[in-house]
Amino acid sequence: SGLSSTETPSNAPQHIVSQLVDLACRERQLAEFLPLLEGTPIAEDAIWAMLSECAKRKDPALSQSVERLVRGQPGQALSEGTYALLARCAAGDSARLQTLFDEVAAKGAPLSADFAMALLSSCAKARCTKLADQLLERMQPKQLQVLSAFIRFYVEEEQFEKACRVYEQHVLKPAGSDSPTKQPMVLDSRIERCLMSAALRCGRHDLAKNFLDASPSDVAKHIAMIRSCASSGNLAGAREVFETLRKSGVEMNSVIYNTVLDACVECRDLRAAEAWMEETKKEGFADVVSYNTLIKAHLQGDNFKKARSLMEEMRAAGLQPNRVTFNELVNGLVARGSSAAHRAEIWSIVREMKAAGVKPNQVTCSILLKSLNAWSKEAEIVETMDLITDMEDPMDEVLLSSVVEACVRIGKPDLLAEKLKQFRSTEGLAVNGSHTFGSLIKAYGHAKDINGVWRCWTEMRSRHIRPTSITLGCMVEAVVSNGDTEGAYDLIHQIREDEGCRDALNAVIFCSVLKGFTREKKIQRVWTVYEEMLSLEVELSVVTYNTLLDACARCGRMDRAPGIVEDMQAKGITPNLITYSTMVKGHCQGGDLDRGFAVLEEMRSKTRLQPDEIMYNSLLDGCAQNNLVDKGLALLEQMQREGVQPSNFTLSLLVKLMNRARKLDGAFAIVEEISQKFHFRPNVHVYTNLIQACVANRNLQRGVT
């Protein structure tokens, strides 16, 4: 029944307190129970139970509360077992892990294997190689379990040379020994293969060869070696490893032959792949995997016809195409483009797949989703979504990410909202990847569901999933695009204060906030963000400066443009066409048409850039505002001479120009001339401007007809 507010466990025996702690953990009531433990002696097993619960729940706030309670125990020093659990609770928090390590190291006692393993595990989640280096230097481990953990950590962090050094200095030659031990410790096969791959990746072929020589008939080792050679483009080395294995007398099989075939494909040697396939068939080891691998090779060479013929050859050999076969063909077509013929062939293969009794899976659906865009037919979209609904495999986060990204890409907000609703109601679908959270955040942003945006972000952060620059960029952009630029800027400041995440910030993310304040015409806030970027030494780009110039144009503050251009030049950033076009637009909108033309001439004289339609349209708009008909018409002639084709937007500006000069006939004539010359139909905006011209010139009848 628990304890009342007037009762405390302070007088209870420690074994009773431990039982109450276990009960609180099982009932997920630990946070509520902790205050009752203040001033109560707590046994170490109860402390470990509480910290284990915090680590399991990934709740840093609760673990900090438990730690404060434990450190408040009179006369009780923390054991290394407790430190190990604290390290597990701090997974992902590099600063906290460093503090714990420093505290344990300061005690001067040898570090335990449990603490080292816990710290390494948490270092992996925090990507904290520096701390792992300190731990190795301080500990000089001799336990095989710990050394294996260090090797695995360095390989996962792609510190291959360090992984090899751990093996050579601590496994082959323990610290303090002048020569290699006669009986070195033996790594388990998984760690050994991991280390062999690391040796190959960093060019330590001598070390890799030692592993093979130690077990000449170990098939798994040789296959790993072949794959490693292939990944580094060493096909000759892969063949040499195969020959070594064959000469050892081991019984050969299709897996070994297919590994070499895959090496040929990975090294993009199609002739070698075809020759090896013939040898594989001759030895009787050709199977579905062999054909699929060769199909993949021909698709890489954009030879779809040959890939298709291999499927028929496979059937003739008594082998049935499987999911991989069909998926490779569909993916090959998607990669070739989205023409009507390709789309028809894609769905022909999907129907053939179904007729063969091979059901589309997650991979099939992900490939089909990649083929969808804003120009896809409704039937293709519906059929793809139906395949996903009818799929036997459960939805996973990769497919979920593909679904929402496709919905955003094809521009169907209703479909996007429906799929997001389905996602929230899908049981057992766990999102664990930063990329998937980024896709969901982007999708909720497009669906104008700001609550969904923040819900995804909060869940990701509460689970200590570190945002990448892309995920953070999606989040900031989603918040800005939903009208809360200040909220996005506050989020950037929160990330700046988080040591584990601040390196995800970049110029693109700051630029989203710059654009938000620009659209809101808050020039002072734009300047504040820019000054902060300078103070943080963020690497600026031409996009950053173009955004600043756009802010000046929108806010009527083109007086600041020269200073921005000077900053740009000082940082060695070359202005592009958008830079000049934005300045032209700003000057024309501000009524300074002469300055707009001066910028155009400056661009012509100092660069090889040529004005595009957007720049000409800005100048034409300026001519219309200032009733400069002759200058505007001369500009139109120049535009055509330089091969820049007018658009409907250009045409609407020309109608406005002629209207303000009271030249109604000229407006109609120019619409007819330009639309016929460049073969396009005037749109509603052109006709609206013509009607307005008729009204302004008191010729309503012409406007009606």
Side-chain angles (χ1 to χ4, degrees), residues 230 233 235 254 257-281 285-377 379-388 391 398-399 402 405-406 409-410:
L235 183 57
S254 59
Y257 274 84
N258 286 339
T259 303
V260 178
L261 181 60
D262 196 50
C264 296
V265 174
E266 189 167 352
C267 293
R268 303 226 170 225
D269 192 333
L270 183 57
R271 184 174 296 178
E274 289 182 319
W276 189 258
M277 182 66 172
E278 291 304 314
E279 186 171 342
T280 304
K281 287 192 283 188
F285 291 121
D287 58 10
V288 175
V289 175
S290 312
Y291 280 99
N292 287 343
T293 304
L294 196 56
I295 285 171
K296 177 183 174 183
H298 284 293
L299 289 172
Q300 284 178 349
D302 201 28
N303 191 345
F304 182 79
K305 186 177 179 181
K306 179 62 177 176
R308 200 77 159 97
S309 69
L310 276 170
M311 190 163 77
E312 298 308 317
E313 184 183 322
M314 185 192 309
R315 286 185 173 122
L319 300 169
Q320 290 303 312
N322 60 12
R323 280 197 185 103
V324 175
T325 317
F326 288 107
N327 287 343
E328 286 286 359
L329 290 171
V330 173
N331 190 53
L333 281 168
V334 170
R336 295 176 82 191
S338 57
S339 68
H342 287 157
R343 291 200 303 271
E345 184 71 25
I346 286 169
W347 287 103
S348 172
I349 292 172
V350 172
R351 285 189 288 274
E352 184 181 337
M353 184 179 187
K354 287 173 159 182
V358 180
K359 293 187 176 181
N361 63 356
Q362 293 170 341
V363 177
T364 318
C365 294
S366 292
I367 295 168
L368 291 171
L369 286 165
K370 282 195 300 183
S371 72
L372 298 180
N373 54 42
W375 298 277
S376 296
K377 294 180 180 178
E380 294 171 355
I381 297 169
V382 171
E383 196 166 352
T384 302
M385 296 303 168
D386 286 346
L387 279 176
I388 294 168
M391 187 178 62
V398 176
L399 183 57
S402 297
E405 286 175 3
R409 196 167 56 248
I410 62 182

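All values reported here derive from a predicted model rather than from experimental measurement. What's counted below: heavy atoms across the whole structure, side chains too, no hydrogens, waters or symmetry copies.
With a 4.5 Å cut-off on side-chain heavy atoms, Leu368 and Met385 do not count as touching. Using a 4.5 Å cut-off on side-chain heavy atoms (C-beta onward), Met353 and Asn327 make contact. Using a 4.5 Å cut-off on side-chain heavy atoms (C-beta onward), Val324 and Lys296 make no contact. Proximity of Val289 to Asp262: side-chain heavy atoms (C-beta onward) are nowhere separated by under 4.5 Å.
In this view, Phe285 and Tyr257 satisfy the ring-ring contact (aromatic ring centres under 6.0 Å, His included) rule, not counting sequence neighbours. Tyr291 meets the ring-ring contact (aromatic ring centres under 6.0 Å, His included) test with no other residue; sequence neighbours excluded. By the side-chain hydrogen bond (donor to acceptor under 3.5 Å, both in side chains) test, Thr384 is found to be paired with no residue, residues two or more places apart in sequence or in another chain being considered.
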| request: Check the pair Lys370 / Glu405 against side-chain contact (heavy atoms from CB on, under 4.5 Å), numbers first and verdict last. | output: CA-CA 9 Å; Lys370 282 195 300 183; Glu405 286 175 3; over 6 Å; no
| message | Walk me through whether Met391 and Thr364 qualify under side-chain contact (heavy atoms from CB on, under 4.5 Å). | response | CA-CA 10 Å; Met391 187 178 62; Thr364 318; over 6 Å; no
| Test side-chain contact (heavy atoms from CB on, under 4.5 Å) applied to Met311 and Leu329, step by step | CA-CA 10 Å; Met311 190 163 77; Leu329 290 171; 3.5 Å; yes
| message | Quick one, His298 with Glu274, criterion side-chain contact (heavy atoms from CB on, under 4.5 Å). Give me CA distance, side-chain angles, the key distance, then yes/no. | response | CA-CA 10 Å; His298 284 293; Glu274 289 182 319; 3.1 Å; yes
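In this structure, OG1 on Thr293 lies 5.0 Å from CG on Leu261, to the nearest 0.5 angstrom. From Asp269, atom CG reaches atom SG of Cys264 across 6.5 Å, with rounding to the nearest 0.5 Å. Here the CG atom belonging to Asn331 is positioned 9.5 Å from the CD1 atom belonging to Ile346, to the nearest 0.5 angstrom. The CZ atom of Arg336 sits 7.0 Å away from atom CZ of Phe304, with the distance rounded to the nearest 0.5 Å. Taken to the nearest 0.5 Å, the OG atom of Ser376 stands 6.5 Å off from the CZ atom of Arg343. Annotation: the span from Gln320 atom CD to Arg315 atom CZ amounts to 6.5 Å, rounded to 0.5 Å.
Nearest approach of Leu387 to Pro360, heavy atoms of both residues: CD2-CG, 3.9 Å. Minimum interatomic distance between Val265 and Ala273 (heavy atoms only, all atoms of both residues): CG2-CB, 4.3 Å. In terms of heavy atoms, Cys267 sits closest to Ala230 at SG-O, 3.8 Å. The heavy-atom pair separating Gly332 from Leu299 by the smallest distance is CA-CD2, 4.2 Å. Val288 and Met314 get closest at one heavy-atom pair: CG1-SD, 4.3 Å. Residues Cys365 and Leu399 share a closest heavy-atom pair of CB-CD1, 3.9 Å.
Side-chain contact, Thr325 with Asn322: a donor N or O sits under 3.5 Å from an acceptor N or O.
Summarising the local packing, NZ of Lys377 is surrounded by 12 or fewer heavy atoms from other residues, nucleotides or ligands at distances under 6.0 Å.
Salt bridge status for Lys281 with Glu313: present, with a side-chain N to carboxylate O gap under 4.0 Å.
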